[in-house]
Amino acid sequence: MSERSHPEALLRLRGISKSFGAVQVLAGVDLDVHAGQVTALVGDNGAGKSTLIKGIAGIHAFDDGTYTFEGSEVHVTSPKQANSLGIEVVYQDLALCDNLDVVHNMFLGRETRRRITLDETAMERRAVETLRGLSVRTLASVRQTVSSLSGGQRQTVAIARAVLWNSKLVILDEPTAALGVAQTEQVLKLVRRLAHNGLAVILISHNMNDVFEVADSIATLYLGRMAAQVDARTVNRARVVELITSGRSGALGLAAPEEAQA
Amino acid sequence: MSGATSVPRKAREEAATGTVAEAWRGYVNKVRGGDVGSLPAVLGFVALVIFFSTQSGTFFSLLNGANLLQQAAVYVFVAMGMVFVLLLGEIDLSAGFTAGVSAAVLGVILTKHGMPWPVAVVGCVATGAVIGLAIGMIFARLRVPSFVVSLAFFLGLQGAMLGIIGDGGTIPVRDETIFAIMGRNLPVVWGWVFAGAGVALYAVLGLVQRRARRTAGLPSHPPTLMILKVVGLAVLLGGATYLLNRERSVNPVLNSLKGIPVIVPIAAVFVVGLTFVLRRTAFGRHIYAVGGNAEAARRAGINVPGIQTACFVICSAMAGCAGIVMVSRDTSVSPSTGGSSTLLLSIGAAVIGGTSLFGGKGRIIDAVIGGLVIAVISNGLPLMTSEASAQYIVTAFVLMLAAMIDAMARRRAAATGH
């Protein structure tokens, strides 16, 4: 639990609540996300992962609680505002245009212009630099259309797009859900690379293999509450699964949070 | 498919800079993968020209060649606008009568009010733009399917035309400038200047782009390929200019006919201008994005309804331009102007040229290539048979063939991952 008390969390949520009508989806959720670390967000379906992520990304505002980013409290109410803070989300369906090439997709909606024309060379150069910075060697050309890419390559492009904008926090929603073994491995390496480059990463995943392979910290949501956020080195898979399914595991979990220090 | 094939950097750069042979192989792979572009249309055009030339002695003549360009003009103008709407994956069935109503406005301003032609031209194009704005707003804001909106406008605009012109009436248009668009030719010297300027512009733009990429350290095309392209364009434009600059009148003493038809440089300016908008501006890029994946475009912060509305405005404004071309051709406006098969042949022209009906794929030049194919058929067939039925059936067949190629290319692209 050392990370929870770390003073310099990039993103710090305290007592977050959110209701949709009569349904309380999140209740008193705490979360710390550190730069240079991968924080896995796990939990069963309906535990509130998506709602938490959407709140962080500004798609809907939280009802209650404090949202601290880079040490100052913020009220994020729109995706644009989240983007300007340096928060980017890669959604599960990637949101890429198949008919456009890799460069076009990475700059979609935020094209570099020179007066009224597009500055293709500047965009291509930055795209190549960003991909190189992430050690991506799987793309033959940044000028091939996205329709010709494999699932793993598409995920790579979507992640590279999120990184392009000097972002500080990248949220990945089940990035390996639809991928084969080799491609999953590539994407996980890329996730590690993001953290290595100093970014904070939130990884949503149902796959415990993935979580234990890349995560530094594991945050488990159970029925809208944060069961526990623990250092990945201090727990094993069975305990995390227990946290996901019952909200507690031995000393960890909801019933006796004050004992968690043990 | 697997991304596991990591390509060494050296090989990657060679693949991109490579030789002409490699560029050719790249193109062949692209076509095999389902991205056929205008290839079927170009091949079809050549095949049709050869076929009609063997069937009829009068088809392959200078006079008929110039006629063909003019016949294509109306379809090309409507189709150039239609490309914008097709790129969205939508359709505008009213474009033919939008051209008609705009033409009627042109006729009223010129003939009934006797105002100068620039006023009439602006009024005509503005009429088209307003119609497009209405269609676009109803489609993009109220989310009524474009098929239904434009079908309603298809009927409504016919009524509007009858209202403006009067039942069975015609408005004669005698303005010399308007007539010149389809009725006159460029002086011989100007033809050469125009062709030379076209080739020079192409070469300079290519060089500028090449230099920018080299200074940025990005891979660029092999220089030989660029030289081949410039020479190819020079031969094409030079040859056409040479032929069109020769005397083609049946009776030169009485009525000399030589030079490039005025409509050709006008159309060329539109082709270059609209291609610039689609390929070199953020607006154009966003059109492709909306056509490719509207949800992705929306999440990227693109104003999707705004882009959609703008495309319908451009489509209808181009139909307005086509209306001017029709008036120039017919020297009058009647309630049938822009009617009958104008619309379907124009959509056909865009699709035959390689613009997809499914959205996200298409170019302005497709409209020109497809328009020429349509014109060859409607020009060549009557030389062989006087049956109107053959005209309809053959054109329908070609249109269907183009749509089938489009659908098959899409399936193949999905299968091969291109």
Side-chain angles (χ1 to χ4, degrees), chain A residues 59 79-80 83 89 91 93-100 104-105 107-128 132 136-156 158 161 179-183 185-187, chain B residues 1-9 11-13 15-16 26 29-30 33-35 87 209 211-220 276-277 279-286 288-303 356 358-362 410 413-414 416-418:
Chain A
I59 291 172
K80 274 224 165 84
N83 290 347
V89 188
Y91 292 99
D93 57 353
L94 301 180
L96 299 173
C97 291
D98 275 3
N99 58 334
L100 298 180
H104 296 168
N105 267 290
F107 282 85
L108 191 62
R110 296 186 268 197
E111 292 85 357
T112 309
R113 301 177 202 194
R114 204 168 42 198
R115 268 169 266 139
I116 57 164
T117 58
L118 295 168
D119 194 343
E120 294 283 357
T121 47
M123 287 194 278
E124 183 169 336
R125 198 163 55 169
R126 239 184 100 195
V128 169
R132 204 168 283 168
V136 173
R137 296 205 170 78
T138 49
L139 291 172
S141 161
V142 290
R143 284 301 179 191
Q144 63 193 125
T145 57
V146 164
S147 60
S148 69
L149 302 182
S150 67
Q153 290 171 323
R154 283 164 193 248
Q155 192 73 50
T156 303
R161 173 165 73 179
L179 302 183
V181 178
Q183 296 182 6
E185 205 52 40
Q186 276 172 40
V187 169
Chain B
M1 276 294 276
S2 168
T5 52
S6 86
V7 183
R9 216 176 103 203
R12 192 170 52 191
E13 275 163 13
N29 277 337
K30 209 171 88 162
D35 190 1
L87 277 176
Q209 193 184 0
R211 171 169 292 184
R213 290 186 66 85
R214 287 197 82 87
T215 48
L218 298 170
S220 50
F276 174 82
V277 169
R279 292 283 164 177
R280 293 276 169 261
T281 67
F283 170 67
R285 178 65 40 79
H286 294 171
Y288 283 95
V290 171
N293 185 344
E295 176 59 18
R298 193 185 63 77
R299 285 200 212 155
I302 294 169
N303 176 1
S356 175
F358 301 100
K361 185 168 144 283
R410 189 177 148 87
T416 58
H418 263 277

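Treat the numbers as computed from the prediction; the structure is a model and nothing was measured. Below, chains carry the letters A, B, ... as their sequence lines are ordered, and counting in each starts from 1.
Nearest heavy atom pair, residue B:Ala300 against residue A:Leu108, reads CB-O, 3.5 Å. Nearest heavy atoms, B:Gly360 versus A:Asn99: O-ND2, 2.8 Å. Across all non-hydrogen atoms, the minimal contact from A:Thr121 to B:Ala216 is CB-CB, 4.3 Å.
Of the listed residues (B:Ala212, B:Ala282, B:Gly292, B:Gly301), the one with the most heavy-atom contacts under 4.5 Å to chain A is B:Ala282. Of the listed residues A:Arg113, A:Arg161, A:Glu185, the one with more heavy-atom pairs under 4.5 angstrom with chain B than any other is A:Arg113. The candidate from B:Lys361, B:Gln209, B:His286 with the greatest count of non-hydrogen atom pairs under 4.5 Å with chain A is B:His286. When each of A:Ala122, A:Gly180, A:Cys97 is checked for heavy-atom pairs under 4.5 Å with chain B, A:Cys97 comes out on top.
Both the backbone and the side chain of A:Ile116 have a heavy atom closer than 4.5 Å to some heavy atom of chain B. Contacts of B:Arg279 with chain A are made by backbone atoms alone, with heavy-atom separations under 4.5 Å and no side-chain atom involved. At a 4.5 Å heavy-atom cutoff, the contact between B:Phe276 and chain A is made by side-chain atoms alone.
The salt bridge (Lys or Arg N to Asp or Glu O under 4.0 Å) check on B:Arg299 picks up A:Asp93, B:Glu295, with sequence neighbours excluded. Not counting sequence neighbours, the partners of A:Glu120 by the salt bridge (Lys or Arg N to Asp or Glu O under 4.0 Å) test are A:Arg143, B:Arg285.
Atom CE of A:Met123 and atom CG of B:Leu218 lie 11.5 Å apart (nearest 0.5 Å). Here the CG atom belonging to A:Asp98 is positioned 7.5 Å from the CG atom belonging to B:Asn293, to the nearest 0.5 angstrom.
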